Amino acid sequence: MSEDIDYIIVGQGLVGTWMSYYAQKAGKSFVILNDPNTASASSVASGVINPVTGRRIVQTWMIDELLPNAVNAYTELGNHLQETFIKEAPVVLLHPSLQMKESFEYRLTHENVYLSNNNAKDFEAFFKVPFGTGQIDSSYWIDLNKMIHAWRTELISKAQLIQERFDISDLIIEKEKVQWKNYTAKQIIFCDGNNSMQNKYFNPLPFAPNKGEALIVKIEGLSNEFIYKNSVSIVPWKEDLFWVGSNYEWEFTNTEPSKAFKEKMIQALDSFLHVPYTIVDHITGIRPANTERRPFVGVHPNYPSLAICNGMGTKGCSLAPYFSKQLIEYLQTGNAIHPEADIKRFEQILNN
Ligand SMILES: Cc1cc2nc3c(=O)[nH]c(=O)nc-3n(C[C@H](O)[C@H](O)[C@H](O)COP(=O)(O)OP(=O)(O)OC[C@H]3O[C@@H](n4cnc5c(N)ncnc54)[C@H](O)[C@@H]3O)c2cc1C
């Protein structure tokens with residue numbers, strides 16, 4: 001016999017976690033399908049929310065809205081699960097060149113919100129800092145693996161998680177509902193990261209997956225209260241382990257760790273770290289990025305029972321809670337989705 005529910009959610013990475021949390025908060029019934037054997041970008045991400053970006057150290061898209069929303073959301077989910085997932089961790093900029101030091105100093109006095117000076121001496125025991133240091137405030141570190149695992153445990157306890165691979169050929173789409181195996185739902189919401197590229201209903205969207213790698217290294221004694229950034233980022237991971245990365249490869253032939261990346265990181269670490277380190281792992285992931293650098297959120301123009309929340313690219317930690325909540329609100333009340341994120345902008349190509 002078929003069970004009637006509000007949503008079937010595909011994928012429990014960062015986006016599926018937030019989508020199911022907001023569905024639950026809204027009192028909606030759902031099941032979430034997650035295949036433990038399919039790669040998840042969220043499991044290798046460093047979990048940083050950094051409000052500024054690039055050589056010119058400018059603010060990232062919508063950050064004044066996204067940042068307070070993210071702090072509230074991760075704190076709220078932490079309280080719900082009686083855990084802590086978010087920690088304020090200033091980014092210590094170890095200026096890699098005179099040009100970057102000058103860029104930082106210029107931005108400190110021009111439209112500055114998030115930058116401040118710090119004392120280079122505090123970091124000299126670990127790092128070579130010939131061009132001095134600076135700081136990005138209001139940066140946060142999210143323990144993504146802990147959060148996704150803790151939420152998964154709750155979903156399992158409520159029999160809402162189905163640990164199997166979703167296959168689109170098992171889906172029957174009707175006018176105002178979908179049917180998957182013995183579930184009938186008002187909507188199916190795709191939160192399956194890069195796998196949406198194989199979905200015949202959404203694959204016209206301009207996905208542009210991007211490979212990233214990181215080394216997990218042990219650096220004894222280095223404070224995990226900060227994130228450190230030179231030409232590479234050193235981010236607290238767990239205990240005395242740090243995540244070191246990354247690279248952004250738009251063209252790649254495999255998802256394996258590469259020797260070239262490892263050698264580049266070793267060269268970088270050797271050039272600015274005073275203390276010994278040990279490499280304990282080398283991880284890779286594919287960012288669900290796109291050519292527009294804006295999320296894909298909304299309902300298919302031809303099939304209103306098919307929805308998607310995807311395309312979080314390099315900024316899933318701040319974008320996922322915000323846009324998952326918007327999509328759930330849209331499905332309930334019709335409240336508008338941010339026009340730069342709404343897939344309505346692709347109506348024409350999705351109609352073809
Ligand atoms: C190296 C690296 C570093 C990063 N660092 C940061 C960072 O510091 N800050 C930041 O904000 N972002 C960062 N990101 C980006 C971030 O990881 C992504 O934006 C985010 O994790 C995307 O989440 P998602 O839920 O859309 O996708 P995913 O995490 O890939 O989740 C998709 C889920 O769907 C499941 N799934 C897929 N297909 C199926 C199927 N057919 N059936 C069932 N289940 C399925 C998968 O198993 C997975 O659990 C980084 C990414 C990488 C690769």
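Below, all heavy atoms of this structure are taken into account, side chains as well, without hydrogens, waters or symmetry copies. Only a predicted model underlies this, so the values are computations on that prediction, with no experimental measurement involved. One-based numbering, in listed order, for ligands and for the atoms of each.
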Legend entry - Gly313 touching ligand 1 at heavy-atom level, < 4.0 angstrom: yes
Inset, instruction - Say whether Trp243 and ligand 1 are in contact under the criterion: heavy-atom distance to a ligand atom below 4.0 Å. - result: yes
Backbone or side chain, does any N or O of [X] fall under 3.5 Å from an N or O of ligand 1?
{"X": "Thr38", "answer": "yes"}
{"X": "Ser40", "answer": "yes"}
{"X": "Gly16", "answer": "no"}

What residue and heavy atom of the protein are closest to [atom], and at what distance?
{"atom": "atom 6 (C) of ligand 1", "answer": "Ala45 CB, 3.7 Å"}
{"atom": "atom 25 (O) of ligand 1", "answer": "Val15 N, 3.0 Å"}
{"atom": "atom 41 (N) of ligand 1", "answer": "Phe166 O, 3.1 Å"}
{"atom": "atom 9 (N) of ligand 1", "answer": "Val48 O, 2.9 Å"}
{"atom": "atom 43 (C) of ligand 1", "answer": "Asp35 N, 3.2 Å"}
{"atom": "atom 2 (C) of ligand 1", "answer": "Arg287 NH2, 3.9 Å"}
{"atom": "atom 35 (C) of ligand 1", "answer": "Asn34 OD1, 3.3 Å"}
{"atom": "atom 22 (C) of ligand 1", "answer": "Pro288 CG, 3.7 Å"}

Have [X] and [Y] got a donor and an acceptor in their side chains that come within less than 3.5 Å?
{"X": "Glu65", "Y": "Tyr322", "value": "yes"}
{"X": "Ser20", "Y": "Gln160", "value": "no"}
{"X": "Thr38", "Y": "Arg165", "value": "yes"}

Show which atoms of ligand 1 fall inside a sub-4.0 Å distance from at least one heavy-atom site of [X].
{"X": "Gly13", "value": "25 (O), 29 (O), 31 (O), 33 (C), 49 (O)"}
{"X": "Met312", "value": "19 (O)"}
{"X": "Gly316", "value": "10 (C), 11 (O), 12 (N), 19 (O)"}
{"X": "Gly193", "value": "26 (O), 27 (O), 32 (C)"}
{"X": "Asn195", "value": "37 (C), 38 (N)"}
{"X": "Thr314", "value": "9 (N), 10 (C), 11 (O), 12 (N), 13 (C)"}
{"X": "Cys317", "value": "9 (N), 10 (C), 11 (O)"}

Legend entry - Given Tyr201, Tyr7, Phe166, the one that forms ring-ring contact (aromatic ring centres under 6.0 Å, His included) with Phe190: Phe166
Inset, instruction - Using side chain to side chain donor-acceptor pair (under 3.5 Å) as the criterion, point out the one residue from Asn117, Asn230, Asn118 that pairs with Thr133. - result: Asn118
Inset, instruction - Could you list the residues that satisfy salt bridge (charged side-chain N to carboxylate O under 4.0 Å, His left out) with Arg294, not counting sequence neighbours? - result: Glu340
Legend entry - salt bridge (charged side-chain N to carboxylate O under 4.0 Å, His left out) against Lys177, all qualifying residues, sequence neighbours excluded: Glu174
Legend entry - Check: Tyr74 ring centre within less than 6.0 Å of Trp18 ring centre: yes
Legend entry - Closest to atom 28 (P) of ligand 1 among Pro36, Gly285, Ala41 (heavy-atom distance): Ala41
Legend entry - Lys/Arg-Asp/Glu bridge criterion (N-O < 4.0 Å) met for Lys264, Glu213: no
Inset, instruction - Take Asn34 and Gln12 through the test side-chain hydrogen bond (donor to acceptor under 3.5 Å, both in side chains) and record every step on the way to the result. - result: CA-CA 6 Å; Asn34 190 69; Gln12 195 232 330; 5.0 Å; no
Inset, instruction - Could you see which bit of Ala320 sits under 4.0 Å from ligand 1, with heavy atoms only: side chain, backbone, both or neither? - result: neither
